[in-house]
Amino acid sequence: MTDEKESTFLVTHVESDSAVLKDVHDGQVHTLSSNPGLAVDDAVEATVAPDPPMEVTYQVVEVVERRSLSIEESEEPPTVHERELAAETEAGELAREERAGVGEVHVLTPPEADTTDAVADVIDDREATLSRAARLGVNRVEIRSEPGVVSVRYMP
């Protein structure tokens, strides 16, 4: 098939006989005509192809890798390094840094009174947060916070 598409997808919805995949690179949504055992919040590196003749739904041609993604809020405070990054970042801005090995750390600097809301925003925007994790090739998102500092750690 010439319309095959290889990419990394986030599984956003599943039923016994179908699933919905979102391409984490271009945002395109693909509804599968069957569910090959996928679960919500899985990251799937796969090839999909449209179902003939209408090409409205898709099928998975090949799965290269599948991993489960998670978001958790940690009781731990941001690290010393994350606090230093926050101190160098203007209020309301975002600092990004690659982690040693795999992943990234994003440090947000909300006003102190808005820290809890900033953490909730990251958790509530599950699809965007997990799409980023899938793009980065990691399995886990850990959120640490203290007043005025929120670290979002994308980790293997």
Side-chain angles (χ1 to χ4, degrees), residues 5-16 18-32 35-48 56-58 60 62-156:
K5 179 179 187 180
E6 288 180 45
S7 193
T8 302
F9 302 94
L10 176 66
V11 180
T12 59
H13 184 80
V14 296
E15 293 183 10
S16 59
S18 69
V20 178
L21 307 181
K22 180 179 180 180
D23 186 317
V24 300
H25 299 289
D26 67 14
Q28 187 176 1
V29 174
H30 304 275
T31 301
L32 301 181
N35 180 355
L38 302 175
V40 169
D41 296 345
D42 279 353
V44 184
E45 291 183 34
T47 302
V48 297
V56 176
T57 57
Y58 288 77
V60 174
E62 178 185 20
V63 174
V64 177
E65 183 185 4
R66 172 184 166 192
R67 60 190 190 281
S68 185
L69 304 179
S70 66
I71 299 175
E72 66 183 53
E73 187 175 354
S74 173
E75 298 289 320
E76 296 290 317
T79 64
V80 170
H81 182 67
E82 291 163 353
R83 285 191 212 109
E84 290 169 352
L85 271 175
E88 299 167 4
T89 305
E90 288 193 38
E93 295 296 312
L94 164 74
R96 286 178 193 205
E97 190 170 87
E98 287 187 19
R99 288 185 78 248
V102 177
E104 284 185 359
V105 175
H106 295 184
V107 177
L108 306 149
T109 54
E112 287 191 10
D114 296 341
T115 303
T116 303
D117 290 341
V119 170
D121 287 347
V122 173
I123 293 169
D124 292 345
D125 197 359
R126 189 168 190 85
E127 192 171 300
T129 301
L130 292 179
S131 289
R132 194 169 299 110
R135 254 193 321 278
L136 293 170
V138 301
N139 300 348
R140 201 161 63 94
V141 180
E142 180 186 82
I143 302 160
R144 295 180 174 195
S145 66
E146 65 184 25
V149 181
V150 176
S151 75
V152 184
R153 302 156 54 101
Y154 293 90
M155 305 186 304

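These numbers come from the heavy atoms of this one structure, side chains and all, not from hydrogens, waters or symmetry mates.
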Could you tell me if the side chain of [Y] sits less than 4.5 Å from the side chain of [X], heavy atoms only?
X: Ile71; Y: Ile143; answer: yes
X: Ser18; Y: Asn35; answer: no
X: Leu38; Y: Val44; answer: yes
X: His106; Y: Val122; answer: no
X: Ser151; Y: Thr79; answer: no

(message) Can you pull out every side-chain hydrogen bond (donor to acceptor under 3.5 Å, both in side chains) where at least one residue sits in residues 124-136? Sequence neighbours excluded, please.
(response) Lys22-Glu127, Asp41-Arg126, Arg132-Tyr154
(request) Only pairs at least two apart or in different chains count here, so list each side-chain hydrogen bond (donor to acceptor under 3.5 Å, both in side chains) that has a residue in residues 109-123. (result)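 Listed once each, the pairs would be none.
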Approximate separation, where rounding is to 0.5 Å, of [X] [atom1] and [Y] [atom2]:
X: Thr8; Y: Leu21; atom1: OG1; atom2: CG; answer: 11.0 Å
X: Leu32; Y: Glu15; atom1: CG; atom2: CD; answer: 11.5 Å
X: Met155; Y: Leu136; atom1: CE; atom2: CG; answer: 12.5 Å

Heavy-atom pair with the smallest gap, counting every atom of [X] and [Y]:
X: Arg144; Y: Ser74; value: CG-CB, 3.9 Å
X: Val102; Y: Gly137; value: CG1-O, 4.2 Å
X: Pro36; Y: Val60; value: CG-CG2, 4.0 Å
X: Val150; Y: Ser145; value: CG2-CB, 4.2 Å

(request) Show the numbers, then the answer: is there a side chain to side chain contact (heavy atoms under 4.5 Å, CB included) between Leu69 and Val141? (result) CA-CA 8 Å; Leu69 304 179; Val141 180; over 6 Å; no
(message) Heavy-atom count check: over 12 atoms from other residues, nucleotides or ligands less than 6.0 Å from Gln28 CD?
(response)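 Yes - once you tally the heavy atoms of other residues, nucleotides and ligands closer than 6.0 Å, there are more than 12.
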(message) According to salt bridge (charged side-chain N to carboxylate O under 4.0 Å, His left out), does anything in residues 73-95 pair up with another residue at least two apart or in another chain? List the pairs.
(response) Glu82-Arg153, Arg83-Glu146
(request) Could you tell me whether a side-chain N or O of Arg67 sits under 3.5 Å from a main-chain N or O of Ala134, the two making a donor and an acceptor? (result) yes
(message) Is there a side chain to side chain contact (heavy atoms under 4.5 Å, CB included) between Glu6 and Val64? Walk through the geometry before answering.
(response) CA-CA 10 Å; Glu6 288 180 45; Val64 177; over 6 Å; no
